[in-house]
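Following this message is one structure expressed as structure tokens.
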Amino acid sequence: MEYNFGEIEKRWQQYWVDHQTYKVTEDTSKPKFYVLDMFPYPSGAGLHVGHPLGYIASDIYSRYKRLQGFNVLHPMGFDAYGLPAEQYAIQTGQHPAITTKNNIARYREQLDKIGFSYDWNREVQTCDPDYYKWTQWAFIKMFHSYYCNQAQQARPIEELIEVFSKQGTAGLDLAQTEPMHFTADEWNVKSEKEQQEILMNYRIAYLGDTMVNWCPALGTVLANDEVSEGISIRGGYPVEQKKMRQWCLRVSAYAERLLNGLDNVDWTESLKETQRNWIGRSVGAEMTFNTPNGVSFDIFTTRADTIFGVTFMVLAPESELVEQLTTDEQRTEVETYIQKTKKRTERERIADKSVSGVFSGSYATHPFTGEPLPIWISDYVLAGYGTGAIMAVPGHDSRDYAFARHFNLPIIPLIEGCDISEESFDAKEGIMMNSDFLNGMSVEEAIPAAIDEVEKRKLGFRKVNFRLRDAIFSRQRYWGEPFPIYYKDGMPYTLPESELPLELPEVDKYLPTESGEPPLGRAKNWFYTPLSCGKRQEEKRYPLELSTMPGFAGSSAYYLRYMDPRNNDALVSTEVNEYWRNVDLYIGGTEHATGHLIYSRFWNKFLFDLGFSCEQEPFKKLVNQGMIQGRSNFVYRIKETNTFVSVNLKDQYDVTPIHVDVNIVHNDILDIEAFRNWNPEYKTAEFILEEGKYICGWAVEKMSKSMYNVVNPDVIVENYGADTLRLYEMFLGPLELSKPWDTNGIDGVHRFLRKLWNLFHANGQFSVSDENPTKEELKSLHKLIKKVTFDIENFSFNTSVSAFMICVNELSQLKCNKKAILGDLLICLAPFAPHVTEELWHKLGNEETICDAKFPELIEEYLKEDVFSYAISFNGKSRFVLEFAADASNEEIEKTALEHPNSQKWLDGKTPKKVIIVPKKIVNVVI
RNA sequence: GCGGUCGUGGCGUAAUUGGUAGCCGCGCUAGACUUAGGAUCUAGUGCCGAGAGGCGUGGGGGUUCGAGUCCCUUCGACCGCACCA
């Protein structure tokens, strides 16, 4: 009987569906384990072999945990809102919902073929109103919350309103957009609109006028993580800085907690470091500088110790201070400069490292020396970081140095012995000089001493600054969650929670309106009419928000929704949340390090503060799978002919390499017939072969259609079976490593599965022996159990596939087809190759499915050796190997080893100084 | 510039965590079988050497009886952040 993978896999997938094998419920009698994949965005191109890599790993881990008796939650869904579907809709007019639905169906079909153990009953799709109801709900909660820095917690805004009416802002420490101070009396006399405007300064979801990344080509604003080097990540269009009123999430309020929380999660150091960089905490001081004409402004510095080296001040061109500090004589020059910087795109600004700037005409007074400091304006100071103004210390900051050199400003050295003739001395080391009370201190001592003095003289205070910005949360696009917001008197109000979801309306076109409003401006009746006594008050029509939410909105709390996906009364019920808690293992790509993984942690912490999530961190352990690159194949066409020459002969001709579809190449050998049919142009192609074959060249490139190197998992499943695909993807190398997909070598893994099959299928019959296994067979099996347990726990799937191969090879040699050993072998293997194993398991007469079975106990007894091989080494160089009984004493081993004729040769009459015996391994003789 | 990860056969990789370097697979070589195949099986395969043996984990140095593993130094690759004050 052949190993008929196609038939087996089809049968078992049907069995799983019929028996709801992987349906999971909250079973409190079992410990829970939550394994999650980053859900995919269903693109039109379908899955390629790179996508399932992480899914296979998580599926293995899920199955392994299930076999260990855990109740495993292993769900899957789709991140269905996003730009590509909308761009496609703009081009074709097809509704993105349809495109998305089709793409999801295709993804689902492909995923099913690979044989994952997902509980599809729990599937979520972010564009489903039943799902985004809870995205909108969370937004409403954020709108109605503020962040208290003292309690380090989000709180309902009603509390704040109460406090304002009693004490104003006195004694409060709140996360805010702008510093504000008012008394209770001042608050109480304000109109509702004025109060609403003030509250906007504190809401966690707020409307704010901020510099945003505006992408004209996409017609929308983008978050910082959606832009790289001035180019949009989606589409690669230029992005410019623009001040706009946008919905924002006060992520920055959580900066400290997001940073500290990293210490309590089991993520890779590099990923944590990426997040730490992104959060960018720096400790320093905020200091006030005054000008003779009464204007004062604040700057942030991490180097308060260099205060005596300040020779000028610099403002960001966008800073509001520019207006106040520019003198009449300088006004024209300043305005010209600002116009010039405004015109430049972010990309141009980054690319151009040349020094530019303009003098404002004003001077600030040095707070210690009283010296006048010229105030300059330059785009090397960023408006968005710190206060948008700096004190320039050209001696010890390379950017200030370049600026000072360019404009001939004085440079003062502050560190004894430093050479600043060519460049600044930026290192935080050395002994201070030219610095009054700091002289003689090391930099390390001088930084806190300087800040102490600043605080003493009331010139400023200690301050922690973060690079992390608030997330810009509106997109001027169609295909996203509508905001549950309507406007009354120009102020935003939330819809009542009971009226959620606010469904995405139909529009005639997916483009901005003629007046430049977002596509939702095209929707008919996009108004909110309040409900009163169950009746819509048609006379009141309030316009609804026209922006939609960004892609990360729907993916921020999906892991919570999987716990309780059909609950219509809560995102997740408290009871269910307390059972599943958070994700034990999360697998996905590093590309989400500064996007989804920050937003999701923020979102969860917010829900935690309000008591909707019972854990501070959403993802306990996180593993990043590597990318699978493409392995392109080439044929070499001799120039101006239709003749192709095999790779090793190509140097003899003048050739053009041409990408050839990897699906018509096997082990780098071209299927000539298929090639002739591939493209009419090649119908009459001639070939110069080597040893009767056309061998293709190859290169590692990104997997993409244009390189003809996309390998579709369906094709592999068709030819080799899902089990081979799963095993091979794991066997390719460590999970975290990026590697090219190379179909060469898949036969080795496929052969292994056939070998396993053949162990129990001799002469076309399933045959299994009832005899007791021998010690040798048990030893082989338990070596495997030990290795597989260790490897899966350590996510070293490639080595455990190797372990299986070794075990099956050994059992083949022993011709072992014992029932007693087969059961355990199959359960060990189940995480990897469920179809083959379930099939064999079934044939054993076991009615249980693999998923009800238990992972076998390791019995160390079977691993015990009778004899051990010792390497006998002299001064660390091993020379020969001797065997000793397992119970041999050290004295015995030493004596025998030294008396061996080979030892005599190496000792050459000398007496050993020392003999070191490493148990079961080595006898090292030190001469 | 700052931070992180890593360098092992022709290739993908492994090494029980400081103890016989190269497991497993691909590829390659030879042989067997055969209805000649992109099939299967057996043996071999780090390098040099006929052999004994020598040399080998990017380079150099160190600690140790013993280093792929630890320390210093240097070269190289990849990733993240970056006019962030």
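The chains referred to below are lettered A, B, ... by the order of the sequence lines, with proteins before strands, and numbering in each begins at 1.
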Does the gap between the ring centers of F884(A) and F868(A) come in under 6.0 Å?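 Ring centres of F868(A) and F884(A) not closer than 6.0 Å.
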For rU35(B), does the glycosidic angle fall within 90° of 0 (syn) or outside that (anti)?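 Base orientation: anti.
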With no hydrogens and no angle check, just 3.5 Å: does a side-chain donor-acceptor pair link S796(A) and N794(A)?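 Not at all, the side chains of S796(A) and N794(A) share no donor-acceptor pair under 3.5 Å.
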Report yes or no: is the cationic atom of R879(A) (NZ for Lys, CZ for Arg) under 6.0 Å from the centre of the six-membered ring of W906(A), at an angle within 45° of the ring normal?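 Output yes; distance and angle both within limits.
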Closest nucleotide among rA85(B), rA39(B), rG80(B) to the R754(A) side chain: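 The answer is rA39(B).
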What nucleotide, of rA82(B), rC24(B), rU42(B), holds the atom closest to the side chain of Q813(A)?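 Within the option list, the nearest is rU42(B).
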Name the closest nucleotide to the V918(A) side chain, picking from rC65(B), rG19(B), rA15(B).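 The answer is rG19(B).
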When you measure from the side chain of M805(A), which nucleotide among rG25(B), rA85(B), rU20(B) comes out closest?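 Per side-chain heavy atoms of M805(A), the pick is rG25(B).
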For RNA chain B, determine which residues of residues 919-927 of chain A have any heavy atom closer than 4.0 angstrom to one of its atoms, and list them numerically.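 The stretch gives K921(A), I922(A), N924(A), V926(A) as the residues lying under 4.0 Å from the strand, ordered by number.
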Whole-angstrom distance between rG22(B) and rA14(B), as gauged at atom P: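 rG22(B) and rA14(B) have their P atoms separated by 15 Å.
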I806(A), nearest nucleotide to its side chain (from rC41(B), rC24(B), rU17(B)):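 Per side-chain heavy atoms of I806(A), the pick is rC24(B).
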SB check K920(A) E865(A) (cutoff 4.0 Å):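 No, K920(A) and E865(A) are not salt-bridged.
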Would you measure the distance from the P atom in rG58(B) across to the matching atom in rG49(B) and give it in whole Å?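 Taking atom P in both rG58(B) and rG49(B), they lie 24 Å apart.
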Is any side-chain heavy atom of V923(A) less than 4.5 Å from a side-chain heavy atom of E894(A)?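 Contact flag for V923(A)/E894(A) side chains = no.
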Euclidean distance for P, rU64(B) against rC79(B) (whole angstrom):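 40 Å, rounded to whole Å.
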Under a 4.0 Å N-O cut-off, is there an ion pair linking E286(A) with R462(A)?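 A salt bridge is absent here (no side-chain N lies under 4.0 Å from a carboxylate O).
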Pair R751(A) + D747(A), salt bridge at N-O below 4.0 Å: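 Salt bridge between R751(A) and D747(A), a charged N being under 4.0 Å from a carboxylate O: no.
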With heavy-atom distances below 4.5 Å as the criterion, would you say the side chains of M313(A) and I390(A) are in contact?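 SC-SC contact between M313(A) and I390(A) ruled out.
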Quick check for you: among rG4(B), rG80(B), rG25(B), whose closest atom lies nearest to any side-chain atom of E273(A)?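 Looking only at heavy atoms from C-beta outward on E273(A), the closest nucleotide is rG4(B).
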For rC47(B) versus rG9(B), give the span between their C1' atoms, rounded off to a whole number of Å.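 After rounding to an integer number of Å, I get 9 Å for this pair.
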Which of the following nucleotides, rU20(B), rA85(B), rC81(B), is nearest to the side chain of S878(A)?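 Closest of the options to the side chain of S878(A): rU20(B).
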Return the nearest nucleotide to the side chain of D397(A); candidates are rA85(B), rC26(B), rA14(B).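 So the nucleotide nearest the side chain must be rA85(B).
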Let's see if you can work this out: which of rA14(B), rC24(B), rA85(B) has an atom nearest to the side-chain heavy atoms of N798(A)?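 Within the option list, the nearest is rA14(B).
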Counting side-chain heavy atoms from C-beta on, which of rA85(B), rA15(B), rA82(B) comes nearest to W278(A)?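 The answer is rA82(B), which lies nearest to the side chain.
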Expressed in whole Å, how much space separates the P atoms belonging to rG46(B) and rA21(B)?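 Their P atoms lie roughly 14 Å apart.
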How does each nucleotide of nucleotides 53-58 of chain B score, in 5' to 3' order, for protein heavy atoms under 4.0 Å: base (B), sugar-phosphate only (S), or none (-)? -S----
Is rG9(B) in the syn range, within 90° of 0, or in the anti range?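 rG9(B): syn glycosidic orientation.
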Carboxylate-amine/guanidinium proximity below 4.0 Å for D263(A) and R276(A):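 Salt bridge: yes.
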Would you classify P740(A) as touching base, sugar-phosphate or nothing, given that sugar-phosphate means primed atoms plus P, OP1 and OP2, and contacts are heavy atoms under 4.0 Å?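 The answer is nothing, as P740(A) stays clear of every strand by at least 4.0 Å.
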Look at R276(A) and rG80(B) and indicate whether a side-chain polar atom (N or O) is within less than 4.0 Å of OP1 or OP2.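 No, R276(A) has no side-chain N/O under 4.0 Å of OP1/OP2 on rG80(B).
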Which sits closer to the 5' end of RNA chain B, V881(A) or G745(A), going by the nucleotide each is nearest to?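 First, find each residue's nearest nucleotide; the 5'-ward one identifies V881(A).
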Does the Lys NZ or Arg CZ of R601(A) fall within the cation-pi geometry relative to W267(A) - under 6.0 Å from the ring centre and within 45° of the axis?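 Flagged: R601(A) positioned over aromatic ring of W267(A).
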Taking only the P atom of each, what is the distance from rG54(B) to rU5(B) in whole angstrom?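 Rounded to whole Å, the distance is 38 Å.
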Determine the Euclidean distance between corresponding C1' atoms of rC55(B) and rU74(B); express it in Å to zero decimal places.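 Here rU74(B) and rC55(B) have their C1' atoms 23 Å from each other.
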